[in-house]
Structure formats: structure tokens, C-alpha cells
Amino acid sequence: MVKQAQFKIQQTAFMLVALTIFFVLVGLVFLGFQFSNTREDADQLKADQATLLVSKLANSPEFSCEQAFNENKENCVDFDKILVLSENKEKYSNFWGVSDIKLRKIYPEIEGEVMCTKENYPECNVVHFIEEEIRGNYVSNFVSLCRKEMGEREVYTKCELAMLLVSYEEYYEE
Amino acid sequence: MRKHDKKGFLGISFGWLFALIVGAFILFLAIFFAVQFVNTQGAAQNIVTSKSLGILLDPLETGYEQSKVTYVDLGIETTIENACSDVGEFGEHSIRTSQELFGRESVGVFAASFSNKYIFAEDEISGKEFYIFSQQFSFPFKVSDLIFILPKDQFYCFVNADSEMQQLIFDLGLQTIRNVSSEMQCRANEMSVCFTGGKCDIHVNQNEGYTLKENVRMYFETEALLFASIFSSTELYECQLQRVMKRVAHLAELYSEKKSFLATRECTTIVDVSALQIMAEDFENSEDILLIKEEKESVARINENSRCRLW
Amino acid sequence: MKSKKKGQEEMVGFGIIMVIVAVIALVFLALYLSRSSSDIREDYATASFVEGVLSYTTECHEPGKAFIDVRELIYFCNSAQKACALGIDCELLNETLRGLLEASWDVGANAAVKGVEMSITSESKEIFYYVEGNATAEYRGYFTEFPRRGEFLKIAFKAYS
């Protein structure tokens with residue numbers, strides 16, 4: 001009888017210890033999973049935000065052609081306007097909620113990376129908007145890059161192909 | 001009496017005692033971690049909801065269309081608090097969400113702030129479902145889309161709105177706004193908006209360009225600001241209008257510089273937006289719209305007729 | 001004997017409970033993981049590329065008139081009318097489109113884009129066709145058509161990954 005009772009006590013004790021360890025392990029795994037998911041959610045939200053931002057940035061007043069070229073074009077960036085904008089970039093450093101915005105002319109091709117200034121315009125291929133150090137992931141969008149150009153007799157509209165790149169930061173630095 | 005027949009103080013066997021202590025400890029741990037987890041999730045969820053709202057508002061921003069509508073179902077009772085600050089280059093709009101979790105309200109911090117969004121709504125709005133729509137605002141160049149958030153269970157009754165307004169409401173497809181011909185037709189749960197006099201909660205005077213709400217006049221120019229004055233609280237309207245005018249001032253400055261730059265490339269224009277820029281920078285309250293709107297119209301006409309347009 | 005068997009039965013029962021809990025946890029985990037996140041980036045790059053190409057200002061202009069964009073040049077290449085004061089319409093179109101495609105897409109076996117394909121057709125003929133790299137089963141694409149003086153001109157573009 002005494003031995004049976006002792007055996008029962010041992011059984012109970014082992015069961016409770018095993019149960020506790022089991023639930024602690026499950027809890028740890030679950031919390032770890034949840035925490036990494038929350039971090040992924042934050043990163044995914046930022047990525048989605050950057051992609052949607054790219055899609056609307058070309059149509060925002062600071063970038064878009066509007067009717068300056070006599071027709072309403074979607075995804076059209078006014079090269080003349082953004083050149084001026086790039087020289088006032090300190091005002092817009094936190095405006096769009098992303099870490100970097102860059103415009104790169106794709107065609108006609110220019111060798112290397114030539115930052116646009118008033119002196120070399122339009123024979124350049126990169127316009128950079130935000131002062132902060134470039135880091136993070138980039139999402140991009142093709143846009144028409146249009147400007148006013150002096151022809152033989154009159155000013156005409158010239159549109160080229162460019163890429164608008166937006167960078168968002170990862171939630172945690174690697 | 002034999003020794004082992006004597007009962008101890010508690011009369012419980014060692015096994016039971018051990019089981020009780022360990023069981024109580026396990027229960028305590030379980031409840032403690034569950035509460036911690038719910039609190040963390042609640043806070044995280046509020047931040048995610050605020051950020052998600054901000055992202056949902058992105059497609060409504062400065063798009064190609066004149067207006068857009070979207071419907072948001074948050075699933076649980078949510079309170080959205082709007083806060084506006086006109087400090088800085090562009091000011092800022094912040095959103096705080098509070099949601100009900102297991103019957104308790106979990107209050108978030110002002111987690112989402114936007115410099116490039118102009119949201120008009122009451123200071124605090126509650127509900128599970130919301131209509132979010134936008135209207136393009138130009139002054140006279142495109143400035144931004146103004147965003148409006150309406151709880152699905154907040155109903156409006158527009159009394160004697162003109163045909164253009166009625167068509168606009170119809171095109172938006174908002175089921176929470178009704179057009180009627182008399183304020184007597186408005187229901188008790190509807191916010192009445194009179195366009196031609198009468199006894200309503202809100203009065204719109206389109207001739208003089210203001211909306212009277214809670215005895216405060218909010219001046220407007222364009223349809224977008226008219227909607228803003230109806231759907232927004234007076235403080236939020238004035239603050240957002242200040243922010244919008246800051247954007248107008250910055251854009252006017254940008255166009256002035258573009259004009260100088262284009263002149264060097266033999267694309268000359270006589271559009272001069274410097275006066276508009278100064279008036280936008282000096283803008284103090286909605287009443288200043290009466291002064292600035294004439295300058296805006298003049299500048300729009302000149303640009304329209306220019307060979308080398310700025311916008 | 002009976003008590004030992006009872007103890008064994010209890011341990012087996014406990015083991016079964018643990019297995020059931022583990023299985024339920026795995027099912028929840030599987031459901032959670034199978035939640036697909038929306039990919040809002042598909043076809044976006046290809047659509048904006050094609051629209052950008054159509055708006056590109058070419059070197060072609062009618063005498064005394066402004067330079068025309070790719071959209072207009074496609075029409076002239078398809079029609080009997082001649083637009084370009086200098087050069088042949090279709091040759092210029094070919095050259096421009098090839099240049100745009102080569103500059104825009106980094107195609108290769110080790111690149112993200114394994115191949116690209118673009119075709120421009122009218123109701124009666126093929127106006128332009130370009131292919132580079134390899135066609136794979138997975139691709140992002142964009143298709144558009146626009147009317148020009150009674151005829152529909154169609155553009156199809158695919159980027160293989």
C-alpha cells in the first residue's frame with residue numbers, strides 16, 4: 001500500500017513537471033513566432049507603403065507633368081520641375097515617409113552615373129531627392145520623363161524613359 | 001493509537017500538496033503570460049491598424065482621377081482620433097486608434113503621422129466600418145487630394161443641394177448621404193445640411209463661400225473644401241487648411257523657380273505666382289480665402305493661355 | 001499487476017493528450033502560414049514600362065512639325081503615310097524600340113528577368129517583334145491596344161522570370 005502510494009506520488013510529480021515543460025516550450029515557440037511575424041508585418045507594411053508611394057509619386061504635384069505639356073499624361077514626371085525640386089530637397093526630407101527617392105534616366109543611355117545639375121542638364125541621368133544616406137530596399141517604377149526643348153523654330157515637348165526608385169528601411173538594421 | 005494513524009496538521013498527503021502548489025504556480029504563469037500577450041497584441045494591433053489606415057489612404061492620394069471612394073471594415077469597434085499640427089514646413093496629421101479587445105478598450109498611442117496627407121473628419125470617430133473618399137484639390141495647380149473619413153453609421157441629409165452637388169454625391173456612391181428637398185424629410189439620426197437656408201445642423205452658403213457649423217464660419221473655395229467644411233470639425237478644418245496653404249506656398253515657390261529656369265531655355269511665360277506664394281505663406285485662417293481666391297483665378301487664366309505653361 | 005497496468009494506462013492517456021495538443025497546434029500553425037500575402041507588385045512594372053515606351057519622343061518628325069512619340073510612329077509605320085523627314089519610319093521605330101528594351105531590362109540566365117518579348121501588331125500585320133533570353137513558364141505581362149484612324153494597334157509585352 002505504501003509503495004503504491006509512493007508510486008502514485010511519483011506519477012503525479014512527473015506528469016506535472018512534464019506538462020509544465022511542455023507548455024513552456026509551446027509558449028516560447030509561439031511567442032517567438034508571433035514576434036517575428038509582427039516584425040515581418042511591419043516590414044511588409046513598409047514595403048507596401050513604398051510600392052504604393054512609387055505608383056502615386058509620379059502623379060504628385062511636385063513630380064507630375066499635369067498639363068504643362070498640353071496633355072494629361074499619367075506616370076509622367078516633369079524633368080524641369082524636379083531639377084528645381086532637387087535643389088530644395090532639404091524641405092522635403094521627411095515629407096513622403098520613405099528614406100530615399102531617386103530618378104534615373106534609362107533611355108537615351110548615358111555612360112556612368114551623372115548627377116543632374118543646372119549646368120549639365122539635360123545631359124545627365126540621375127536626380128536624387130533625399131539627403132539621408134541611401135540604405136534599405138528599393139522598389140521601382142518606369143515613368144515618362146518630359147521636358148521643354150528648344151527646336152529649330154519653337155519649343156517642343158521631349159519625353160524620355162526613366163525609372164523612379166523609392167527606398168524604405170527594414171524595421172531592424174542587419 | 002499507532003503512529004501512522006495520527007493525522008498531520010493539514011491532513012493532506014505529500015502528493016496532493018505537491019500537486020496543489022505546482023498547479024497553482026502553472027495557473028499563475030498561464031494567466032500572467034496570457035494577460036501580457038493580450039496587452040502586447042493590443043498595442044501592436046493598434047499600431048498596425050494605424051499604419052494600415054495610413055497605407056490604405058495612399059491610393060487615394062494625388063491620383064489621376066478627380067475623386068475616389070474606398071470602404072474599410074476593421075472588423076471590431078474602433079475609435080479613430082485625429083490630431084493636426086501646422087508646425088513645420090508642411091505640418092503633420094496623426095492618427096490614434098483604439099480597439100475593443102475582449103470587452104476592454106485598448107488605447108494606442110499616436111502611432112501614425114503623415115506630412116503628405118490632409119485628412120478631414122471629426123476629431124474622434126467610432127465604428128467598425130468606414131467610408132474613406134478623396135477629392136482632388138487644385139489652387140490653381142494640383143495641390144493634393146483631400147481625404148475624408150466617415151463612419152458608416154454616420155448619416156447625412158443634404159437639403160436643397162444644387163444639381164452639381166447631387167450628381168457628385170450620386171457618383172461617389174456614398175450610401176450615408178441622402179439628398180432631400182426639405183429639412184422635414186431628414187431623419188432623427190441624420191446630420192442635416194442646408195444649402196438654401198432653413199433649420200439644419202449645418203448651413204452652407206455657396207454665394208458667400210462659407211459653411212456655418214456650431215456657430216463657426218468655415219470659408220471654402222472649391223468643392224473639395226466644401227466637403228471638408230461639412231465633414232470635418234472646425235478645429236481640424238482650420239488646421240488642415242493651414243497645412244494645405246503651406247503646400248500651396250511651397251508649390252508656388254517651386255513654379256517660380258521653374259519659370260526662371262525655363263526662361264534660360266527660351267521657354268518664357270508671363271505667369272507670376274510670387275503674389276500667390278506670399279498670400280499662401282501669410283494665410284492665417286479660412287477667412288483669408290476671400291483674399292487669395294482672386295489671385296488664384298488670375299494666375300490660372302494666365303497659365304492656361306501661355307505657350308509655355310508652368311503646370 | 002492491476003495497479004501497474006493502471007499506471008501504464010494513465011501514462012498512455014497522458015501521451016495521447018500531448019499528441020492531440022501537438023497536432024492541433026500544428027494545424028493552427030499550418031493555417032497561419034498558408035495565409036497568402038497580397039502581392040501588389042505584379043504586372044505593375046510591365047504596364048508602366050509599356051506606357052513609358054509609348055510616350056517616348058522619337059527622332060522622327062514631319063517637315064516643319066514637332067517630333068512624334070512612339071505611339072504615333074507605330075501608326076505611321078503601319079500606314080502608307082510617311083512621317084519622318086529623315087530616315088524610314090519603320091526602321092526608326094525598330095531602332096528606338098530595341099534601344100528602349102535593351103536599356104530597360106537586364107536579361108540573363110542568372111538575372112531576375114530570364115527573357116523579354118514584345119510584339120506590336122495591327123489587324124492586318126505584325127509591325128514589330130522582339131525577343132531576348134529564354135521564355136519560361138512564369139511571366140509578368142501587359143497588353144494594351146489603342147485605336148488610330150479606324151484601326152486597332154495592339155501591344156503585348158512579357159517579362160519572363
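Residue numbering restarts at 1 for every chain, and letters A, B, ... go by the order of the sequence lines. Here the structure is a predicted model, which is why all the values come from computation and not from measurement.
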Self-check item: Point-to-point distance, once rounded to the nearest 0.5 Å, from CG of A:Asn75 to CZ of C:Phe49
Solution: 13.5 Å

Quiz item: Under 3.5 Å, is there a donor-acceptor pair linking the side chains of A:Asn141 and C:Ser48?
Solution: yes

Quiz item: A:Glu160 versus chain C, heavy atoms under 4.5 Å apart: side chain, backbone, both or neither?
Solution: both

Quiz item: What heavy-atom pair brings C:Ser55 and A:Ser144 nearest, and what distance separates the two atoms?
Solution: CB-OG, 3.2 Å

Quiz item: Rounded to the nearest 0.5 Å, how far apart are OH of A:Tyr156 and CD1 of C:Ile68?
Solution: 13.0 Å

Exercise. May I ask you to check whether over 12 heavy atoms, not counting those of A:Lys91, lie within 6.0 Å of atom NZ?
Key: yes

Exercise. For residues C:Ala45 and A:Phe142, report the shortest heavy-atom separation together with the two atoms involved.
Key: O-CD1, 3.4 Å

Exercise. List the steps, then state whether side-chain contact (heavy atoms from CB on, under 4.5 Å) holds for A:Thr157 with C:Phe67.
Key: CA-CA 8 Å; A:Thr157 299; C:Phe67 289 92; over 6 Å; no

Quiz item: What do you reckon, is CD of C:Glu123 surrounded by more than 12 foreign heavy atoms closer than 6.0 Å?
Solution: yes

Quiz item: From C:Thr57 OG1 over to A:Leu161 CG, what is the distance, rounded to the nearest 0.5 angstrom?
Solution: 11.0 Å

Exercise. Measure the SG-CG distance between A:Cys146 and C:Asp69 for me, rounded to the nearest 0.5 Å.
Key: 9.5 Å

Quiz item: Under 6.0 Å from the CG atom of C:Asp106, do we count more than 12 heavy atoms belonging to anything else shown?
Solution: no

